[in-house]
Amino acid sequence: MLKSFKTEINPTPEQEVKIRKTIGVCRYVYNFYLAHNRELHEKGEKFMSGKRFSVWLNNEFLPGNPEYGWIKEVSSKSVKKSIEDGCTAFTKFFNHQSKFPKFKKKGKSDVKMYFVKNNPGDCACERHRINIPTLGWVRLKEKGYIPTTKDGWKIKSGTVSQKAGRYYVSALVEIPDAHIANNGSNGIGIDFGLKDFAIISNGKTYKNINKSAGIRKLDKQLRREQKSLSRKYENLKKGETTQKNIQKQKLKVQKLHHRIDNIRKDYINKTIAEIVKTKPSYITIEDLNVSGMMKNRHLSKAVASQKFYEVRTRLKAKCEENGIELRVVDRWYPSSKLCHCCGCIKKDLKLSDRIYRCACGYVADRDYNASLNLRDAVTYEVVNESKRKYVPKAISGIYGCGVYKNL
């Protein structure tokens, strides 16, 4: 079993230069791979895979262009990984899973320095430091978080990233499969929303962290710093400011973005951990159409701040770790319009109706009613890799005929 551990590091000035240089080369090679395939397509030639491009780059391009020799001054594993990422992006594009790959812009793209264990001494980790190939020993700011190699843990690979002037290492550690106890309690349904972050079928409600006073204060400060940055760009055209002042203001804005993002991620992690600690036999959520919700200009900012995709990803990983079955209901399942008492569908239910009132006399909170319907849904899809089995997946309707699909 592989598990990722991410923490902040404290590199020396020489190590910082090497990290920034490696990230810059990886970004350049990734863009070079995209541009080269675009040129081949315009000429009508065959697409070049990542492996072929790597051979062509080392055996043909670099020997004939010695001015690009700085590409070989960094880790070859990191360069090959950036080419593989470009090939993966093209594969998703050809399979109609994503749009055409975009070029990575300097300072605005999340490019990482990849490393892998080559020799026995590589990727060794102690309580306060970690040995990264091409960098050497790097001090950890959070001591004891990453499992140490002295205790028998093995680090397979990892990445080093930079964000808002800080450096982070993410290590992929091979850990033994833990014995998972049988979860005997009943399942739960979770309805994610904008008014409240999550409403659980057991009656628990988690508030929207973005409405807290702390986040609002930071958002107000962020708007003020962004206006200051915009004015500096206008003054640069007039010759009243310098590029160095703009870089200082950019770092202020990045730090505020990073701080707000960390607060949201911490709240998501704590919420998911608290839900999983109840040890339900299964958890049912809804397949939200996030891309469609983002098209609403009145709700797009609120939807983006809730991080629904990240919530689902972290919940899936946590369920796999604890042996909990994660069920996903189709996005067309009327969880909010369905009466949990009699099963009738209220077609005229509006988004402004926060209390669900049925003709049978059933009255409940709209989101709580939806969570109960999600918990008792009979048509769903199991997304856990460790919990694959035959489950009914409906073709049409709510309680219509279904077929058994091997997930």
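Residue numbers start at 1 and run along the sequence shown. Keep in mind that what you see is a predicted model, and the values were worked out from it rather than measured.
- No donor-acceptor pair closer than 3.5 Å links the side chain of Asn322 to the backbone N or O of Lys279.
- With hydrogens and angles disregarded, a donor-acceptor distance shorter than 3.5 Å links the side chain of Ser212 to the backbone of Ile209.
- Distance check: Leu135 CG to Gln15 CD gives 5.5 Å after rounding to the nearest 0.5 Å.
- Between Glu321 and Lys3 there is a salt bridge, since a side-chain N of the basic residue sits under 4.0 Å from a carboxylate O of the acidic one.
- Crowding of Lys77 atom NZ: a count of heavy atoms from other residues, nucleotides or ligands under 6.0 Å not exceeding 12.
- Aromatic ring centres of Tyr168 and His258 lie closer together than 6.0 Å.
- Atom CD of Glu8 is separated from atom CG of Leu140 by 10.5 Å, given to the nearest 0.5 angstrom.
- Distance OG1/Thr12 to NZ/Lys18: 10.0 Å, rounded to 0.5 Å.
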Requested in this report: Quick one: do Thr134 and Thr22 satisfy side chain to side chain contact (heavy atoms under 4.5 Å, CB included)? Show the steps, please.
Outcome: CA-CA 10 Å; Thr134 72; Thr22 305; 5.7 Å; no

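- Looking at heavy atoms from C-beta onward, Asn208 lies in side-chain contact with Gln306 at the 4.5 angstrom threshold.
- Within a 6.0 Å sphere centred on NZ of Lys252, heavy atoms belonging to other residues, nucleotides or ligands number 12 at most.
- Heavy atoms of other residues, nucleotides or ligands lying less than 6.0 angstrom from CZ of Arg139 number 12 at most.
- Tyr380 has its side chain out of reach of Leu374: every pair of non-hydrogen atoms, C-beta onward, lies at least 4.5 Å apart.
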Requested in this report: Step by step, work out the side chain to side chain contact (heavy atoms under 4.5 Å, CB included) result for Arg314 and Val311.
Outcome: CA-CA 5 Å; Arg314 294 183 180 274; Val311 170; over 6 Å; no

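- Thr278 and Ile275 make their closest contact through OG1-O, 2.5 Å (heavy atoms, listed as atom of the first residue, atom of the second, distance).
- Looking only at side-chain heavy atoms (C-beta outward), Tyr267 and Asn210 stay at 4.5 Å or farther from each other.
- The shortest distance between side-chain heavy atoms of Cys319 and Ile283 falls below 4.5 Å.
- Cation-pi check for Lys112 over Tyr114 is not met; the charged atom does not lie both under 6.0 angstrom from the ring centroid and within 45 degrees of its normal.
- A donor and an acceptor atom, one from each side chain of Asn289 and Ser291, are located under 3.5 Å apart.
- Taking CG from Asn10 and NE2 from His128, the interatomic distance works out to 12.0 Å, rounded to the nearest 0.5 Å.
- Side-chain atoms of Thr284 and Arg375, non-hydrogen and from C-beta on, never get closer than 4.5 Å to each other.
- Atom NZ of Lys104 sits in a crowded spot, with more than 12 heavy atoms from other residues, nucleotides or ligands closer than 6.0 Å.
- Val329 and Ala377 get closest at one heavy-atom pair: CG2-CB, 3.8 Å.
- Looking at Lys156 and Glu174, a side-chain N of the basic residue comes within less than 4.0 Å of a carboxylate O on the acidic one, giving a salt bridge.
- Listed for the Asn65 side chain is no donor-acceptor partner under 3.5 Å among the backbone atoms of Glu67.
- Glu234 and Lys238 are not joined by a salt bridge, as no carboxylate oxygen comes within less than 4.0 angstrom of a charged side-chain nitrogen.
- Of the candidates Arg264, Lys265, Arg259, Lys265 is the only one forming a salt bridge (Lys or Arg N to Asp or Glu O under 4.0 Å) with Asp261.
- Counting heavy atoms of neighbouring residues, nucleotides and ligands inside a 6.0 Å radius, atom CZ of Arg297 does not exceed 12 of them.
- The aromatic rings of His36 and Phe32 sit perpendicular, their planes meeting at an angle over 60°, well past the 30° parallel limit.
- A salt bridge is absent between Asp191 and Arg366: the closest approach of a Lys/Arg side-chain nitrogen to an acidic carboxylate oxygen does not fall below 4.0 angstrom.
- Between Val290 and Val303 there is a side-chain heavy-atom pair separated by less than 4.5 Å.
- One distance of note links CZ of Phe308 with CD of Glu286; it measures 10.5 Å at 0.5 Å rounding.
- Between Asp266 and Lys270 there is a salt bridge, since a side-chain N of the basic residue sits under 4.0 Å from a carboxylate O of the acidic one.
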**Report entry** Stepwise salt bridge (charged side-chain N to carboxylate O under 4.0 Å, His left out) check, Glu42 with Arg38
**Finding:** CA-CA 6 Å; Glu42 292 174 355; Arg38 178 179 285 184; 5.3 Å; no

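- Between Ser82 and Tyr30, the shortest heavy-atom distance links the atoms O-CD1, 3.4 Å.
- Contact detail for Gly187 and Ser281: the closest heavy-atom pair is N-OG, 3.4 Å.
- Here the side chain of Ser305 pairs a donor or acceptor atom with the backbone of Lys301 at under 3.5 angstrom.
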Query raised in the report: After noting the C-alpha distance and the side-chain angles of Tyr368 and Ser371, does the key distance pass the side chain to side chain contact (heavy atoms under 4.5 Å, CB included) rule?
Result: CA-CA 5 Å; Tyr368 178 67; Ser371 65; 3.8 Å; yes

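- A donor-acceptor pair under 3.5 Å is absent between the side-chain atoms of Asn95 and the main chain of Gln97, judged by distance alone.
- Counting heavy-atom neighbours within 6.0 Å of Tyr309 OH, excluding the residue itself, gives a total of 12 or less.
- Interatomic distance, OG1 of Thr205 versus CG of Asp367, reported as 8.5 Å (0.5 Å rounding).
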Query raised in the report: side chain to side chain contact (heavy atoms under 4.5 Å, CB included) between Phe115 and Val160: does it pass, once the steps are laid out?
Result: CA-CA 8 Å; Phe115 65 88; Val160 178; 4.0 Å; yes

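- The two residues Arg52 and Phe47 make their nearest non-hydrogen contact at NH1-O, 3.2 Å.
- Heavy atoms only, all atoms of each residue included: Arg312 and Asp287 are closest at NH1-OD1, 3.1 Å.
- A salt bridge does not link Asp110 to Lys163: none of the charged nitrogens lies less than 4.0 Å from a carboxylate oxygen.
- In this structure, Leu229 and Ile246 have side chains that are in contact, with non-hydrogen atoms separated by less than 4.5 Å.
- Between Phe61 and the options Phe53, Tyr33, Tyr68, a ring pair (Phe, Tyr, Trp, His ring centres under 6.0 Å) holds for only Tyr68.
- Around CH2 of Trp137, the count of heavy atoms belonging to other residues, nucleotides or ligands within 6.0 Å exceeds 12.
- Between Tyr28 and Trp70, the ring center distance clears the sub-6.0 Å criterion.
- In Arg166, the CZ atom is not crowded: 12 or fewer heavy atoms of neighbouring residues, nucleotides or ligands sit closer than 6.0 Å.
- Annotation: side chain of Asn373 is in contact with side chain of Asn369 (closest heavy-atom distance under 4.5 Å).
- No donor-acceptor pair under 3.5 Å is formed between the side chain of Asn31 and the backbone N or O of Phe103.
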